[in-house]
Amino acid sequence: MNSKKFALTLLALIVVISAIVGIYYYQEQNSRVITLYGNVDVRTVNLSFRVAGKLANLQVDEGDAITVGQMIGRLDDAPFINALNQAKATRDVAKANLAKAEAGYRSEEIAQVRAEVKQKKSAFHFADSFLKRQQGLWQSKTISANDLENARTGRNQALAAYQAAKDKLRQFETGYRIEEIAAAKAQLIQAEATVAQAELNLKDTQLTSPSAGMILTRAIEPGTMLAAGNTVFTLSLTNPVWIRAYIDEPNLNQAIAGREVLIYTDGRKNQPYHGKIGFVSPTAEFTPKNVETPDLRTDLVYRLRIIVLDPDEGLKQGMPVTLRFTETNFTKTDK
């Protein structure tokens with residue numbers, strides 16, 4: 001009986017010890033600090049003019065910090081000013097032509113055409129009367145056939161001129177056709193688009209920074225003839241600043257998008273930066289040679305992008321960093 005009681009006691013003791021060991025192991029595993037290694041991956045932008053031209057001046061140099069919208073370079077804008085003035089003149093002509101077409105002909109112009117119609121009518125009546133006289137003389141054999149034919153030709157020419165004058169008067173009284181007005185409107189729209197493009201080209205002679213950052217490279221000097229799109233500056237963006245790191249498959253379940261991590265540099269070992277995981281690659285790859293980890297370089301890893309929440313000038317392009325995070329997320333008050 002005592003042996004049976006002893007066995008039950010021993011079994012219970014084993015179960016309790018196993019439970020304690022399991023709980024301890026579970027807590028130890030979940031509180032384990034995961035350490036990763038990566039590099040600062042600052043984004044850069046190549047700045048260039050959208051139009052071609054001669055570089056007039058540059059206002060910043062390598063290492064200068066610039067702000068959003070700051071003008072950092074300018075092209076010689078004289079050709080663009082001339083093009084804009086020419087475009088405006090063409091637009092004004094098109095606007096005047098449209099106004100003329102919509103208003104129709106002036107009363108003075110119509111009166112002038114009416115007078116022309118009367119003149120052509122009188123000329124026709126004279127030519128017609130002359131032809132009739134010549135026909136009578138032809139019947140009496142007084143004139144030649146050639147004289148009669150000349151009289152008939154004169155009457156026909158006078159009739160054609162009279163008819164043309166009446167058609168012109170009808171056109172002036174009716175005004176411009178709908179198609180002519182539509183064509184004048186289209187020409188004005190085209191001219192206004194040319195002015196807008198010329199204004200945009202003139203504006204593009206000034207190079208401004210799209211965001212805050214630091215000038216990494218100044219590629220050319222004033223006086224250079226540039227084609228559109230030629231790189232003038234390389235700008236390192238102040239924000240966002242990313243960390244590129246890699247994690248192995250056993251720890252992949254710890255890399256959750258949005259999870260916060262501590263970022264350590266050699267110069268700030270006791271003052272970490274704060275970041276959060278912004279991207280986890282869905283595909284595995286071999287560890288890059290520039291990443292130093294305790295694991296073998298041939299191990300498959302997954303790329304992480306960590307967004308730095310509190311970047312400053314201490315983080316430089318390509319700088320190696322150490323990343324640490326635990327099961328429990330921290331907050332920015334941990335700094």
Side-chain angles (χ1 to χ4, degrees), residues 48-54 56 71 74-135 146-208 225-230:
S48 59
F49 291 97
R50 191 158 57 176
V51 294
K54 182 180 179 181
M71 190 173 75
R74 187 174 60 84
L75 295 177
D76 179 10
D77 58 5
F80 298 91
I81 293 175
N82 294 337
L84 177 58
N85 292 335
Q86 183 177 2
K88 287 182 177 180
T90 303
R91 179 198 59 189
D92 292 343
V93 171
K95 187 180 296 184
N97 288 336
L98 175 60
K100 177 181 178 181
E102 290 177 336
Y105 296 93
R106 294 179 300 170
S107 58
E108 295 84 356
E109 293 175 318
I110 297 175
Q112 184 178 1
V113 175
R114 283 176 180 163
E116 184 179 350
V117 170
K118 291 181 181 179
Q119 180 183 3
K120 299 299 182 183
K121 182 179 180 181
S122 299
F124 165 69
H125 286 320
F126 175 80
D128 187 62
S129 300
F130 181 73
L131 174 61
K132 290 177 179 179
R133 290 195 301 270
Q134 293 297 90
Q135 288 174 339
N146 187 48
D147 293 335
L148 179 62
E149 186 62 26
N150 288 339
R152 182 177 290 109
T153 299
R155 195 280 307 268
N156 292 340
Q157 291 177 346
L159 177 61
Y162 175 46
Q163 188 62 44
K166 290 195 298 181
D167 292 341
K168 184 176 180 180
L169 177 60
R170 189 180 304 110
Q171 175 187 346
F172 273 50
E173 290 176 339
T174 305
Y176 288 88
R177 294 181 301 172
I178 297 177
E179 295 81 1
E180 292 175 321
I181 296 176
K185 288 181 178 179
Q187 290 176 350
L188 177 58
I189 293 174
Q190 183 180 12
E192 289 176 340
T194 302
V195 170
Q197 185 61 51
E199 290 175 342
L200 181 59
N201 290 343
L202 179 60
K203 182 180 178 181
D204 285 338
T205 60
Q206 297 182 353
L207 182 61
T208 58
M225 292 299 298
L226 298 175
N230 281 7

- Parallel under 30°, tilted from 30 to 60°, perpendicular over 60°: which one fits the rings of Phe124 and Tyr162?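 Phe124 and Tyr162: parallel rings.
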- Message: Strictly below 4.0 Å, N to O, side chains only: are Lys54 and Asp76 in salt-bridge contact?
- Response: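 Salt bridge flag = no for Asp76 with Lys54.
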- Item | Basic-acidic side-chain contact under 4.0 Å: Lys88, Asp92 |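 No, Lys88 and Asp92 are not salt-bridged.
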Could you measure the distance from the [atom1] atom of [X] to the [atom2] atom of [Y]? Nearest 0.5 Å is fine.
{"X": "Phe80", "Y": "Leu200", "atom1": "CZ", "atom2": "CG", "value": "10.5 Å"}
{"X": "Lys95", "Y": "Glu192", "atom1": "NZ", "atom2": "CD", "value": "6.5 Å"}
{"X": "Leu159", "Y": "Asn156", "atom1": "CG", "atom2": "CG", "value": "7.0 Å"}
{"X": "Gln206", "Y": "Asp77", "atom1": "CD", "atom2": "CG", "value": "8.0 Å"}
{"X": "Ile181", "Y": "Asn97", "atom1": "CD1", "atom2": "CG", "value": "12.5 Å"}
{"X": "Lys203", "Y": "Leu84", "atom1": "NZ", "atom2": "CG", "value": "13.5 Å"}

Minimum heavy-atom separation for [X] to [Y], with atom names?
{"X": "Val51", "Y": "Asp204", "answer": "CG2-O, 3.9 Å"}
{"X": "Leu188", "Y": "Arg91", "answer": "CD1-O, 3.7 Å"}
{"X": "Ala165", "Y": "Lys120", "answer": "CB-CG, 3.8 Å"}
{"X": "Ala191", "Y": "Ala94", "answer": "CB-CB, 4.2 Å"}
{"X": "Thr208", "Y": "Met71", "answer": "CG2-CA, 4.0 Å"}
{"X": "Lys185", "Y": "Leu98", "answer": "CG-CD1, 3.3 Å"}

Would you say [X] and [Y] make side-chain contact, with heavy atoms under 4.5 Å?
{"X": "Arg155", "Y": "Lys132", "answer": "no"}
{"X": "Thr90", "Y": "Thr194", "answer": "no"}
{"X": "Leu207", "Y": "Arg74", "answer": "no"}

- For Gln197 and Asn201, test the side chains for any donor-to-acceptor distance below 3.5 angstrom and give the result as yes or no.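 A pair is found: one side chain offers a donor N or O, the other an acceptor, under 3.5 Å apart.
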- Message: If you count heavy atoms of other groups shown closer than 6.0 angstrom to CD of Gln86, is the number above 12?
- Response: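 Incorrect, the count does not exceed 12.
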- Query: Can you check side chain to side chain contact (heavy atoms under 4.5 Å, CB included) on Arg152 and Gln134, steps first, answer last?
  - Reply: CA-CA 9 Å; Arg152 182 177 290 109; Gln134 293 297 90; over 6 Å; no
- Check side-chain contact (heavy atoms from CB on, under 4.5 Å) between Asn230 and all other residues, then give those that pass, not counting sequence neighbours.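 Only Leu226, Ala227 meet the side-chain contact (heavy atoms from CB on, under 4.5 Å) criterion with Asn230.
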